[in-house]
Structure formats: structure tokens, C-alpha cells
There are 4 protein chains.
Amino acid sequence: MSNRTAVDSEGSWFEPDHLTELRRRLPITYIDVVPVRTDIDGSVVEVGLLLRASGAGQIVRSIISGRVLVHETIREAICRHVEKDLGTMALPRIPVSPVPFTVAEYFPTPGVSPFHDPRQHAISLAYVVPVDGETAPQEDALELSWFEVDELLAESSPLEEMDGGRDLLVRRALAHVGAA
Amino acid sequence: MSNRTAVDSEGSWFEPDHLTELRRRLPITYIDVVPVRTDIDGSVVEVGLLLRASGAGQIVRSIISGRVLVHETIREAICRHVEKDLGTMALPRIPVSPVPFTVAEYFPTPGVSPFHDPRQHAISLAYVVPVDGETAPQEDALELSWFEVDELLAESSPLEEMDGGRDLLVRRALAHVGAA
Amino acid sequence: MSNRTAVDSEGSWFEPDHLTELRRRLPITYIDVVPVRTDIDGSVVEVGLLLRASGAGQIVRSIISGRVLVHETIREAICRHVEKDLGTMALPRIPVSPVPFTVAEYFPTPGVSPFHDPRQHAISLAYVVPVDGETAPQEDALELSWFEVDELLAESSPLEEMDGGRDLLVRRALAHVGAA
Amino acid sequence: MSNRTAVDSEGSWFEPDHLTELRRRLPITYIDVVPVRTDIDGSVVEVGLLLRASGAGQIVRSIISGRVLVHETIREAICRHVEKDLGTMALPRIPVSPVPFTVAEYFPTPGVSPFHDPRQHAISLAYVVPVDGETAPQEDALELSWFEVDELLAESSPLEEMDGGRDLLVRRALAHVGAA
């Protein structure tokens, strides 16, 4: 049985035990990407959420997320993870600035911050990435759905199906773009 | 003889005297747009500068700039001014966030801030806007040139042909996008 | 009877009719300030809300807000409005950067944006300002209360007593500082 | 002989060989802090630069820099490194927002980005931190000097005595705060 998860898949050149060991020693740098559809005037209309199995075996909504590899630029990491999750036809508009809209600090101990990852201490730079092309769920994702901003802000929102505090990331993204 | 300038052209429904009067009473809200060409990974490769007659009758390099009209959103103002200066085929990617990369405060008295506009106190929200389509100088502009980042950072840069501190705006834009 | 409101008080050198006239012609530049108390590590613990009479005669919660005057810098406007609303002993830490955390566009017509101001089209640069000193409600304010972040995020929050969409401004501020 | 450097000092619970090994496998999360003195209105007046021995044995100017430790928040890391370099009386105003003004990507191979660190691939979140108290160089630093913005922007600036592209970080900080 493998303990690889979708998010770790890029680390296949590590032995799983070795990555586990590193995760006890250092914070791991991540990127989180909130994919959006925009109007012609740049305002955000829809947010894309993936449906996938969490590490804990539950079905959860998620955004695009993954490690930055050694010797890889943040821009390359964003491109790689968007392509990995949305496919090669997604036509993402990678941000012109490296400044994230927020930094999410995931701790293995719940309650240290709003973000929780049982596997590791991850420091994640979060970006909003407009997507213009055709998208389709890849690999481990069961589904990719686009939700209107109003749906996300309503009661019983799909954001409630996210885990580890990632719903907060989407809410911060909506605040940053002026949509909420 | 008219005292209208290129930048004022959208205000033609004001009597020129009336606009002059308003400018003595209130700061005027502007947007400044630094148009850029980007790589597939979002990094800025070139910056577009217009060549036009300044209010003082000199030929200067400039970026896209103009007033926000009453009842107009900032997004609409950005779209309108980009189209006015680069044409209808420019395909600008209007930013997803309303947060500017800097705010330039232009004062009629030189030295109050790095930015100077003899006509008025203008408060300008500045944005970087990637442009994907075909561009051509419009109306009052004599020329539109795309300069590589290295050219802009070299000695005897075209930035020296800008007035009112607008070279600083371009430098801040390059700093914000991680290109300088 | 005067039609001056608290927010307009700095404009007393305008005839009220003249300001009304200007407001029909131009967007008015504002600043909005969310005053906060922070921990030693910079994290936001409390947000200060004023209780005052709205233009419509209702009692509402509000943040610090006001016009930027002609020839005034944004920094001066922030200092002036904080002092006007919190008193001279507030010891505000004015932000080092002129970049606002959001830009709120208030329109006289409801629904154009999430922000509404029946008097005018205002474009407001919004800042979070930590306050270290003693504060007391001034002039028109009935009360100044400090609310913990959890109180603001709970149901039946004091944010519901704000009008014109200003609750959204506080929510965006909390998102920006990583508190929500 | 030890191969520990000032910047690594917090990692003494790692065997040096082990840290070297980790650095070949993962990008290391850093924070960079540009310490500043501000005016009462928040505008930056001076920037503090340390004088210290570089890893290569040269005397260089530097800013505050160091790793984020596992299980440590970014706020804690900023506090710890400021105290480590400026002393316990510095009274830093830790930023209210976790959003850095830029992200510096240091690569061991020169030329991949403007930032270079021969020891490792480091991803550094950079913050401007106003300092109100008494400061003194600590530990490995030979000197701490405060430079006016004009000195930093002049020819033969102390910024030229920085290595690894860190001068660019200070320039981006000045651009962000509107001082250049």
C-alpha cells in the first residue's frame, strides 16, 4: 500500500520515508492557486474547485496546491500544478507579480493557525489565477466544478466541503479581488 | 485656441473653465496603467511607452493615464483608457484585484511628492496591465514602443524622457513584478 | 438647518451647495481607516468601531472615513481623520506603504458595487491602522468600542450594524491581515 | 573548524552535514526584513543595514535574514531574527499583514533569478519593519548603520556593498513604501 497522495505525486524521486523525515525537520514551501473565470473587465465571476480524496480518505473540495521543488521557480511551480490539475488546455494567466494575496501557514497541530495539514508544516504562497481555456479534472481529481461567487457566499456553500482551512483561502481570495 | 490636452479629452462635457475650477477645489482621481508584454510564465518581458506632446509642448514618453469619470468604475476606466491609447485590438488583461501596485500623488507644486502635474492635484491608482493583442498609437500619441526590461534599466534609458515623475511609476511597476 | 454631516465637516470652507455640485461632477477621493489593536507579534486582536448617526438619521457602526483635501497627502489625510475620530492621544502607526488593502468604490446608485453612498460617487483607499495609545470618541461619535476578532466573525456581529457596505471593508481588512 | 555561518546559527540543533543534505533536497523558507525608521506620518526616513562577514569571507552590508524553523510562525520568525540582529530593545512593529512586499527566490546557480545564495535554494518572504527603539549590532554583525533614503539612491551607495542581489530587495522595499 502506498502512502503517496495526489499532492505529493511530484516528489516521487524521494523515498516516501525520506520525505516524511524532511517534513519533521523543515517547513515545506507550497503554492496554493485559486483558479477563476473572469469577465472582460477582470472581475471574478466563477471559482474552480476540484473534488478529490483527502489524505484522510474523505471526499473534499480543494483548490490547486503543491510543493515548490528544489531549483524550481515559483512561476514554474504554478504552471506545473495548474497543468497537473486542470490539464494542458487551461491557458492560465500566471500573475505578473510574485507577491501572493496571502500566505497560509499550515501546521500539523490544529489550532496554531487557521490552516491545518496533518502531514507537515507547510508555508504556502497563495495566488489567484484566471483561466481562459478548456479545463478538465486530471489524475486523482474526481471532478472540477466552477461555482459562481454568489453560490460560494451563500449558506451551505461548497466551501464547507473543504478541509484544513482552505475555505478561508478562497474567502481571502474573494476579498482580495473585491468580490466579497 | 483650446487648452484641452490629450489627457483631458474625456472631459469634453465639462467647460474647460469649469474643469479648471474643479481642479482648484478637489483632488482628481486618476488611473495610471503600465502596459506590459509577458512570457508564458507571467514574467514581464517588455513595457509599452507612448510618445506624445506634453501639456508644456515637449515630446515625452508616457504611460496610459486618465481620469476616472463620475459613475464610472475603476475597471471601466482602465478599459476605456487602454482602448483609447492602444486601440480596440489590444486585448488587455484587466487585473483581477482593485488593489493598485502603488498610488501616485501628483501635486501642482513641485517637490511635495516625487510626482508633479502643473494642472492639478491628482491621486492616481497605478496598475500593471498585460496586453496580448495588436496595439497601435491612437489619437494624440505619435508612437507606441515596446522596450525590454534591460533597456529600461540601462543608462540613457527611455525612462529619462518621461516627465512628472512617471519614470518612477514604471520603476515601481518593475519592482512590483520582480523584474528589477 | 444644516445639511452638513460628520463626514463632511472638514469641507466647511465649501458652501454646502457647492460641494453638492462638485459631487455630481467628479468622483471624490476618500480614505477609509480600520483601526486595530495588535499583539506584540503584529497580529490583530481587536477592531475599533465608532457609533454615530448616519446621514439618514440612523445610529450605525462605522470606521474612520473622510475626504482627502486638495493639496493634502494621503498620509496627512489619514493622520487628520484618525485624530478627528480617535483623539490626539491615539498614537496611530500610519502605514509605511501607500498601497491600500482594498479600494472601495461607493456609488450613489445601490447595486453598482457592494458599496453605497447616497451623497456621491466616492473612491476610497482603505488602510488598516494599528493604534497604540488612548482613544476616545470625538465630535459626532457617540461611542468607540473595541471588538475582538471572534466577536466580529460571530453571528449577530456588530458588523451588521454598519451601512453602505462598510462591514465588507472590515471583513476584507480581516482577510488581509490573516485574521479571517 | 565549523562551517556554521551567522545565518545558520538558529539551526544548531541540526548537524551541519544534515542541513547541507536538506538544502540539496528542498527549497528552504526564509524571511528577509528591511528595518526602517519612519516619520510620524509613516514615511520611511532611514534604512538600517548591518555590516557582517559573508559566507565567502568578505565584508558586506546586509539586511535581517534567516530561516523559518519548523513549527514556527512567520511572525515568530520575524520577531526572533529582528531581536537576534538588532537586540531586545529595538521595538519592531511587526507587520499586521502576512503579505510580503516581494518574494526573493535565491538560487545556488547564479543567473536563474536576480538573487543568489551559493549554499541553497531559498524562498524568502520580504517585509519592511519599522523600528522605534534602541538598536545595536549583535553577535556576528560588526556594525549597524542607518542610511537616509537619499544616500541609498545616490551614486556609490552602500547598496553596492550588498551581495546576492540583496540591494535589489532594499530597492523594491523603497519602491513599495513610495520612497523611490
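Contacts of C/P130 with chain D are made by side-chain atoms alone, with heavy-atom separations under 4.5 Å and no backbone atom involved. With a 4.5 angstrom heavy-atom cutoff, D/S43 touches chain C via backbone and side-chain atoms both. For C/V96, the parts lying near chain D are the backbone and the side chain together; criterion is any non-hydrogen pair under 4.5 Å. Heavy atoms of C/I40 lying under 4.5 Å from chain D belong exclusively to its backbone.
Rounding to the nearest 0.5 Å places CZ of D/R80 at 14.0 Å from CG of C/D41. Here the CD1 atom belonging to D/I94 is positioned 11.5 Å from the CG atom belonging to C/D39, to the nearest 0.5 angstrom.
By the ring-ring contact (aromatic ring centres under 6.0 Å, His included) test, C/F115 is found to be paired with C/Y106, residues two or more places apart in sequence or in another chain being considered.
Between C/G42 and D/R75, the shortest heavy-atom distance links the atoms C-NH1, 3.3 Å.
Counting heavy-atom pairs closer than 4.5 Å to chain C, the top residue among D/A179, D/A173, D/P98 is D/P98.
By the neighbour-count criterion of 12 heavy atoms within 6.0 Å, atom CD of C/E143 is densely surrounded, having more than that number from other residues, nucleotides or ligands. No more than 12 heavy atoms of other residues, nucleotides or ligands shown are found within 6.0 angstrom of CD on C/E134.
Between C/V128 and D/S97, the closest side-chain pair of non-hydrogen atoms is not below 4.5 Å.
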